Amino acid sequence: EQLAGRYEIDPHIHPVILDLEKMFYARCEPGDGRTRIGRTDYGTDKALEDPNDPVEEVGEETRAWVREVVAQRMPVYARESEVGSQAAWCTVTPDSQALIGAVPDVEGLFVATGFSGDGFKLAPSVAEGVAQMVNGEAVSAFDPALFSPGRFTEDPEWTGAFGLV
């Protein structure tokens, strides 16, 4: 659609956006005419008191924050109406990176967990790396030290956060 010599974009069709400055992500769902938006700053999340009974409502403070940061990056969203909201929960490590590798003090036990929604897209590399670990081979798919299950207790100087040091 053309408006005053400019093209208006459909706000529901865009790539996945990961904005580390404003600390949000946006994933469009064109078939549903909406975009899902969430925080990337896990430090502001609240711990679930009871994982079997999570609060699934999104508060007004969060809704206002979403509208503000998204409109700063994609002004067309300032005019969009809200089509609903949904709270979600995820499991994360203190540095928001998965645990991949041998579990300290439990011989033969390897884990690949804590991906917080990123596991599907990383599965091929993770599978290759875990297979290499289990077979005693050098890992070529990723740096095992970055994902070591013992990293929080083995290295008191660990400072990683959301993959950034």
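Since this is a predicted model, take the numbers as computed values, not measurements. Atoms considered below: every heavy atom in the structure, side chains included; atoms not considered: hydrogens, waters and symmetry mates.
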Checklist entry - What pairs meet the ring pair (Phe, Tyr, Trp, His ring centres under 6.0 Å) rule with one or both residues in residues 101-127, with sequence neighbours excluded? => result none

Checklist entry - So do the side chains of F24 and V70 get within less than 4.5 Å of each other, counting heavy atoms only? => result yes

Item to check | Shortest non-hydrogen separation from K22 to W65 and the atoms involved | outcome: O-CZ2, 3.5 Å

Checklist entry - In chain order, what residues pass the side chain to side chain contact (heavy atoms under 4.5 Å, CB included) check against V16, with sequence neighbours excluded? => result R27

Checklist entry - In chain order, what residues pass the side chain to side chain contact (heavy atoms under 4.5 Å, CB included) check against D105, with sequence neighbours excluded? => result none

Checklist entry - Partners of E82 by side chain to side chain contact (heavy atoms under 4.5 Å, CB included), sequence neighbours excluded? => result R63, R67, S85

Checklist outcome for this item: Between M74 and A26, the two heavy atoms sitting closest are CE-CB, 4.3 Å

Next on the checklist: How close do I100 and P149 get, counting heavy atoms only, and between which atoms?
Outcome noted: O-CD, 3.5 Å

Checklist entry - Does a side-chain heavy-atom distance below 4.5 Å link R36 with R34? => result yes

Item to check | T153 side chain to G150 backbone, donor-acceptor under 3.5 Å | outcome: yes

Item to check | Counterpart residues, salt bridge (charged side-chain N to carboxylate O under 4.0 Å, His left out), relative to E107 (two or more places apart) | outcome: none

Checklist entry - Residues in side chain to side chain contact (heavy atoms under 4.5 Å, CB included) with E61, at least two apart? => result none

Next on the checklist: Whether E68 and R73 form a salt bridge (side-chain N of Lys/Arg under 4.0 Å from carboxylate O of Asp/Glu) is what I want to check.
Outcome noted: no

Checklist entry - Are side-chain heavy atoms of T35 and E80 found at a separation under 4.5 Å? => result no

Checklist entry - Taking all non-hydrogen atoms of both residues, which atom of M23 and which atom of L20 are closest, and how far apart? => result SD-O, 2.9 Å

Checklist entry - Is V83 reachable from V58 through a run of hydrophobic residues whose side-chain heavy atoms are each under 4.5 Å from the next? => result no

Item to check | 4.5 Å side-chain heavy-atom contact, R151 and L99 | outcome: yes

Item to check | By side chain to side chain donor-acceptor pair (under 3.5 Å) - contacts of E57 (at least two apart) | outcome: none

Item to check | Within-4.5 Å side-chain heavy-atom neighbours: V69 and Y77 | outcome: no

Extract all donor-acceptor atom pairs below 3.5 Å that involve side chains of residues 134-146 and protein atoms in other chains or at least two apart in sequence.
residue : atom : partner : partner atom : Å
N135    : ND2  : A131    : O            : 2.9
S140    : OG   : E128    : OE2          : 3.4
S140    : OG   : Q132    : NE2          : 2.9
D143    : OD1  : A145    : N            : 3.0

